[in-house]
Structures are given as structure tokens and as C-alpha cells.
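Presented below is the structure to which this report refers.
Starting from 1, each residue takes its place in the sequence as its number. The shown structure was predicted, so the numbers you read here are calculated from the model rather than taken from an experiment.
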Amino acid sequence: MKRTIRTALPVAVGALLIGSIAAQSALATPGHSSTVASRLPCLERTNAKAAVALLNITFNQHGPKKAAEKYISAETYIQHNPDFRNGRDAFVTGATSLIQQNPGISLNFRRTITQGDLVVVQSLFKLNYTDRGTVEVDTFRFDKHGKIVEHWDALQPVADTSANGNPQV
């Protein structure tokens, strides 16, 4: 009996770790299907696609009003970026101003992570084609109707050099 437990326990722990890692990176490459991604709850997949679509339509297609009307709640939009006010209209105003000041603005998506009603999108944000870029991590909270009701972001300029040689995004 003891021998069976000693053998089975490491196998079970290994399987749990592998499953946890796979679930966290299920949507690591937006636009690519994966077996693990297909096992995510439907609502999490839908929310992840909506978060990427909001950012893509806003910054790559320069359509913040269209994106906001489709993906952001009209009733509640709590903004945690200190440079923007709360509300869907404030999102449109802020994004429109940023795009007008930087017509070459772009966002390159690297990975998404979902957990319940939260979606995290990691991307490389550039103001123009000569900009080294900024690593951007956006976190969105969705309501039960699939609308974005809250947003946080963390931004870090891409460094000129790296002590470890690893990319930042």
C-alpha cells in the first residue's frame, strides 16, 4: 500500500502542475486554436476574444467609439488608470485623443490569460513605427452579460538593454 501511494503521488502532482500550466497559457497566442483553449469555459473564451477585439478595434483600427459601444458596459465602467476618468464615454474621449496625437499607434498582442470574469492581455504598444514600445498588461473584468465593467493596466517602457538577454514581452 505505501509503495503504491509513493508512486502515485508524484504522478498525480505532476499531472496537476501540467494541467495548471496548460490552463494558464490556454490563450497565449490569440487567433490560434489549442486543445486546452477549447476546454476553457465558453464564457472565458468569449471574454478573452472580446478583450482583444476591444483593444484591436480601438488602437489598430482606430475605432474607439465602435469598440466601446460593442464591448464596454454603458452603465458601469470603472477605470483604474489615473490618467482616465470612469465611464464608457471617457474611454472613447481618451483613446480618440491618443490616436489623434499619434496616428501611427499600434498594439501587438502576445498573450491572454483568463480566470473567471477576468481577462489579462499582454501586448507591445507603440506610438509609431520608430518607437521602441511599451509593454502593456491590461486586465479587464466582465459582467454576466459579457460587457467590460472594469479596467486596470500596467505599463513598462521597453528597455534599451537587458541584463538577462530575455525579451520583456
Side-chain angles (χ1 to χ4, degrees), residues 10-96 98-99 105-126 133-156 158 166-169:
V11 171
V13 169
L16 284 173
L17 286 173
I18 290 169
S20 173
I21 292 166
Q24 290 176 8
S25 64
L27 295 168
T29 50
H32 291 77
S33 63
S34 89
T35 332
V36 177
S38 66
R39 288 184 290 200
L40 281 175
C42 183
L43 187 57
E44 287 185 358
R45 281 195 313 273
T46 301
N47 288 350
K49 288 177 184 179
V52 171
L54 170 81
L55 294 170
N56 185 50
I57 293 168
T58 298
F59 295 108
N60 293 332
Q61 298 175 21
H62 299 184
K65 183 174 181 172
K66 175 183 172 186
E69 287 174 353
K70 184 167 184 177
Y71 297 107
I72 295 177
S73 169
E75 293 80 37
T76 305
Y77 181 67
I78 302 166
Q79 176 60 259
H80 293 278
N81 181 319
D83 296 329
F84 290 88
R85 298 171 60 92
N86 290 326
R88 183 166 76 180
D89 291 341
F91 170 86
V92 172
T93 301
T96 300
L98 189 59
I99 292 165
I105 205 167
S106 67
L107 206 51
N108 184 309
F109 307 104
R110 299 300 169 92
R111 56 192 54 83
T112 62
I113 301 168
T114 64
Q115 181 181 24
D117 62 354
L118 297 173
V119 175
V120 178
V121 181
Q122 185 187 39
S123 54
L124 179 63
F125 179 79
K126 290 187 170 192
T134 300
V135 177
E136 182 169 339
V137 177
D138 289 286
T139 303
F140 299 99
R141 184 173 64 85
F142 285 78
D143 67 12
K144 64 183 179 183
H145 306 292
K147 296 291 186 179
I148 296 169
V149 294
E150 198 162 8
H151 171 255
W152 299 260
D153 58 10
L155 307 166
Q156 179 183 36
V158 172
N166 299 322
Q168 287 175 258
V169 64

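A pairwise comparison of heavy atoms in L55 and F109 identifies CB-CE2, 3.6 Å as the closest pair. Nearest approach of Y71 to A50, heavy atoms of both residues: CD2-CB, 3.6 Å. Listed here is the closest heavy atom pair of A51 and V121: CB-CG2, 4.0 Å. The nearest pair of heavy atoms linking L124 to V135 is CD1-N, 4.5 Å. The nearest pair of heavy atoms linking T58 to L54 is OG1-O, 2.7 Å. Across all their heavy atoms, T96 and P64 have their closest contact at OG1-CG, 3.3 Å.
Distance check: S106 OG to Q61 CD gives 13.0 Å after rounding to the nearest 0.5 Å. Rounding to the nearest 0.5 Å gives a distance of 11.0 Å between CG of N86 and CG of N81. Taking CG of D153 as the reference point, atom CZ of F125 lies at 10.0 Å (rounded to 0.5 Å). One finds the CG atom of L107 at 12.5 Å from the CD1 atom of I57 (value rounded to the nearest 0.5 Å). Residue K49 holds its NZ atom at 12.0 Å from OG1 of T114, rounded to the nearest 0.5 Å.
A donor and an acceptor atom, one from each side chain of Q122 and R111, are located under 3.5 Å apart. Between the side chains of H151 and D138, at least one donor N or O sits under 3.5 Å from an acceptor N or O.
No side-chain donor-acceptor contact under 3.5 Å links D117 to the backbone of R141. Counting only distance, with no hydrogens or angles, the side chain of D143 and the backbone of K147 share a donor-acceptor pair below 3.5 Å.
Counting only heavy atoms from C-beta outward, the side chains of F59 and L98 approach each other to under 4.5 Å. Within the 4.5 Å cutoff, no side-chain heavy atoms of L43 are placed close to those of K144.
Using the six-membered ring where Trp is involved, H80 and W152 have ring planes that are parallel, under 30° apart on the 30 and 60° scheme.
Here E136 pairs with nothing under the salt bridge (charged side-chain N to carboxylate O under 4.0 Å, His left out) rule; sequence neighbours left out.
For D89, the CG atom is loosely surrounded, since the number of other residues' heavy atoms within 6.0 Å does not exceed 12.
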